[in-house]
Amino acid sequence: MTLVVVGSSLAGLRAVEAARREGFAGEIVLIGAERHLAYDRPALSKAYLVTGEPVRHFQTVQVLRDDLQVDVRLGVTATGLDPAAKIVRTSTGVVPYDTLVIATGAAPRVPPDIPALDGVLALRTMEDAAALRELLHPGTRVLVLGAGFIGSEVASSSRQLGAVPTVIDSAPVPLVRAVGTDIGRALASLHMRNGTPLRLATAVEEFIGRDRVEGVRLTTGEILPADLVVVGVGAAPATGWLTECGIELDPRDHGIVCDAYLRTSLPDVFAAGDVAHWPNADLGATMRLENWTNASAQGAHAGTNAVTPDAMTPYRTVPYFWSDWYGQRIQFVGTGAGDDVEFVSGGPDEERFIAAVWQGDRLVGAAALNEPRKVMKLRRLIALRGTRQDVRELLDPVPQAVGFAGREESLPSVSGTTSERRQS
Ligand code: FAD
């Protein structure tokens with residue numbers, strides 16, 4: 001019995017670790033196109049850009065090989081899949097599988113009209129980050145295309161280095177699809193408060209420069225000089241190697257279609273991480289997530305289900321991600337797709353806030369700026385289908401009647417509050 005995992009970043013690593021934890025005694029082969037085993041990708045746009053300190057790896061090849069008996073093949077690219085013969089084709093030959101986990105993640109979307117000029121970069125890998133860091137110096141004029149999370153982090157880190165970033169986004173309010181208009185506007189104001197100009201509702205019409213980028217002309221006619229352009233307009237699931245094998249892919253390029261157990265349309269083939277699109281029972285919607293926490297948990301879940309086919313469980317999660325801009329911690333839980341947003345603590349222009357996303361009376365999402373503890377409690381509330389009343393009680397607890405209790409101690413138990421009502 002052989003488990004093959006394609007993709008040796010976080011989801012792939014957690015899949016092989018989970019398979020061994022489940023007691024799987026068969027052969028495990030881990031195939032990854034990068035030369036490195038899973039590393040702290042989120043640090044690439046944050047601490048690494050600012051300090052240049054090497055990013056953390058989450059496991060060593062030696063431990064995987066010696067302790068977990070995993071056949072680790074790095075620098076090897078999967079080029080195709082034959083589900084009838086149950087083989088993965090790779091750049092170094094054919095690998096047979098009995099069960100397969102696909103964890104090939106995502107790659108930056110680079111629009112085809114962007115010319116191949118020196119100084120125009122995207123950011124996904126350690127090598128991309130090293131190339132970017134090489135060009136970032138005090139005074140470097142950086143244009144960031146896309147005011148999403150990665151683009152915004154690059155702008156923030158550039159500023160910390162003394163470079164001069166400007167962020168350009170075609171939407172009038174950034175991040176609307178991810179977090180909605182009100183929260184998107186509140187986050188965008190962080191750029192302005194930290195001195196980074198935004199050019200919104202416009203796009204690049206022309207790149208200026210012969211071999212090396214020297215600037216751009218916007219659709220508004222404005223010309224912005226640049227030493228460096230960072231393209232941060234999103235990522236596409238890495239499914240190019242699967243187009244011939246008959247696996248069902250989302251028609252809007254949103255990844256590999258999976259069921260609740262993370263099974264793909266092909267027998268004995270699972271998917272996890274940024275590449276997987278699955279029905280998430282916690283939010284009652286199908287989705288593909290691009291975040292660290294999901295890649296870890298979903299990778300482990302897919303690895304477990306792949307080696308315990310008689311005891312599979314559905315994968316469900318309340319999404320969580322964080323982002324750091326200008327030394328401030330942004331966190332988001334649940335979904336931005338509600339019908340109402342309310343700042344339940346602080347306000348959109350304050351240094352700390354919590355914004356709740358409601359679907360009727362039910363909490364379905366929350367964004368927080370510099371409120372790390374409360375947001376994790378809200379995450380639990382979303383899973384428990386908490387209401388406006390639950391959120392009020394959580395954020396403004398009734399003081400204890402006897403003696404002194406610290407604020408955290410006097411917080412009502414989330415599960416207690418909600419499940420009690422549910423039972424009544
Ligand atoms: P990936 O990390 O994309 O790994 C996929 C792996 O598969 C890669 O190593 C790739 O080379 C390999 N692969 C692809 N195709 C093939 C093939 N055909 N054959 C073999 N191997 C292949 N998330 C957060 O929650 N918070 C953050 O602050 C945050 N910051 C980020 C900052 C940056 C700069 C980036 C790029 C991402 C950030 N993320 C963040 C997102 C997070 O890093 C991803 O969600 C996570 O890495 C997904 O893990 P994954 O294993 O699914 O895919």
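Ligands are counted one by one from 1 in listed order, and the atoms in each one are counted from 1 as well.
By the criterion of a heavy-atom distance under 4.0 Å, neither the backbone nor the side chain of Phe149 is placed next to ligand 1. Counting heavy atoms closer than 4.0 Å to ligand 1, residue Ile150 contributes side-chain atoms (C-beta onward) but none from N, CA, C or O. Neither the backbone nor the side chain of Ala38 has any atom closer than 4.0 Å to an atom of ligand 1 (non-hydrogen atoms only). Contact annotation: for Ala106 versus ligand 1, heavy atoms closer than 4.0 Å belong to the backbone alone. Counting heavy atoms under 4.0 Å from ligand 1, residue Val6 touches it through the side chain alone. Heavy atoms from both the backbone and the side chain of Trp292 come within less than 4.0 Å of ligand 1.
Paired with Trp292 under the rule ring-ring contact (aromatic ring centres under 6.0 Å, His included), one option of Phe58, Tyr320, Phe321 passes, and it is Phe58.
Looking at Thr77 next to ligand 1, no N or O pair under 3.5 Å apart turns up. The shortest N or O to N or O distance between Ser323 and ligand 1 is not under 3.5 Å. Ligand 1 has no nitrogen or oxygen under 3.5 angstrom from a nitrogen or oxygen of Phe321. Checked against a 3.5 angstrom limit, the closest N/O atoms of Arg41 and ligand 1 fall inside it. At least one N or O atom of Asn291 sits closer than 3.5 Å to an N or O atom of ligand 1.
Within ligand 1, the atoms closer than 4.0 Å to a non-hydrogen atom of Val76 are 20 (C), numbered from 1 in the order shown. Of all the atoms in ligand 1, the ones that sit under 4.0 Å from a non-hydrogen atom of Trp241 are 18 (N). Under a 4.0 Å criterion applied to the non-hydrogen atoms of Gly273, ligand 1 contributes the atoms 52 (O). Taking every heavy atom of Ala11 and a limit of under 4.0 angstrom, the matching atoms of ligand 1 come to 51 (O), 52 (O). Atoms of ligand 1 lying under 4.0 Å from at least one heavy atom of Ala103, given by number and element, are 5 (C), 6 (C), 7 (O). Listed by atom number, the atoms of ligand 1 under 4.0 Å from Gly7 heavy atoms are 7 (O).
Distance from atom 34 (C) of ligand 1 to its nearest protein heavy atom, with residue and atom name: Ser45 OG, 3.5 Å. Nearest protein heavy-atom neighbour of atom 49 (O) of ligand 1: Ala295 CB, 3.4 Å. The closest protein non-hydrogen atom to atom 28 (O) of ligand 1 is Lys46 NZ, 2.5 Å. What sits closest to atom 14 (C) of ligand 1 on the protein, heavy atoms only, is Thr104 O, 3.2 Å. Scanning the protein for heavy atoms near atom 4 (O) of ligand 1, the closest one is Ser9 CB, 2.9 Å. Atom 45 (O) of ligand 1 has Asp274 OD1, 2.8 Å as its closest protein atom, hydrogens excluded (heavy atom only). Looking from atom 41 (C) of ligand 1 to the surrounding protein, the closest heavy atom is Glu290 O, 4.0 Å. At the shortest separation from atom 20 (C) of ligand 1 among protein heavy atoms lies Ala33 N, 3.4 Å.
The closest approach between any non-hydrogen atom of Thr125 and ligand 1 is not below 4.0 Å. At least one heavy atom of Glu153 sits under 4.0 Å from some atom of ligand 1.
In the displayed structure, Arg109 atom CZ is contacted under 6.0 Å by more than 12 heavy atoms of other residues, nucleotides or ligands.
At a threshold of 4.5 Å between non-hydrogen side-chain atoms, the residues Tyr326 and Arg193 do not count as touching. Annotation: side chain of His36 is in contact with side chain of Glu127 (closest heavy-atom distance under 4.5 Å). Two residues are said to be in side-chain contact when any heavy atoms from C-beta on lie closer than 4.5 Å; Asp182 and Glu342 fail this criterion. For the pair Leu200/Pro172, no side-chain contact is recorded, criterion being any heavy-atom separation below 4.5 Å from C-beta on. Between Val204 and Leu224, every side-chain heavy-atom pair lies at or beyond the 4.5 Å cut-off.
Atom CD of Gln359 sits about 12.0 Å away from atom CD1 of Ile382, to the nearest 0.5 Å. Interatomic distance, CG of Asn280 versus CE of Met287, reported as 4.5 Å (0.5 Å rounding).
The existence of a salt bridge linking Glu214 and Arg212 is excluded, since no basic side-chain nitrogen approaches an acidic carboxylate oxygen closer than 4.0 Å. Using a cut-off of 4.0 Å between Lys/Arg side-chain N and Asp/Glu carboxylate O, Arg41 and Asp274 are scored as not salt-bridged. Salt bridge annotation for Arg89-Glu244: absent, with no cationic side-chain nitrogen under 4.0 angstrom from a carboxylate oxygen. We find that Asp268 and Lys86 are joined by a salt bridge, their nearest charged nitrogen and carboxylate oxygen being less than 4.0 Å apart.
Between Trp278 and Tyr315, the ring planes lie tilted relative to each other; the angle falls in the 30° to 60° range. Between His254 and His277, the ring-plane angle classifies as tilted under the 30° and 60° cut-offs.
Using modelled atom types, one finds a donor on one side chain and an acceptor on the other under 3.5 Å when comparing Glu351 with Gln328.
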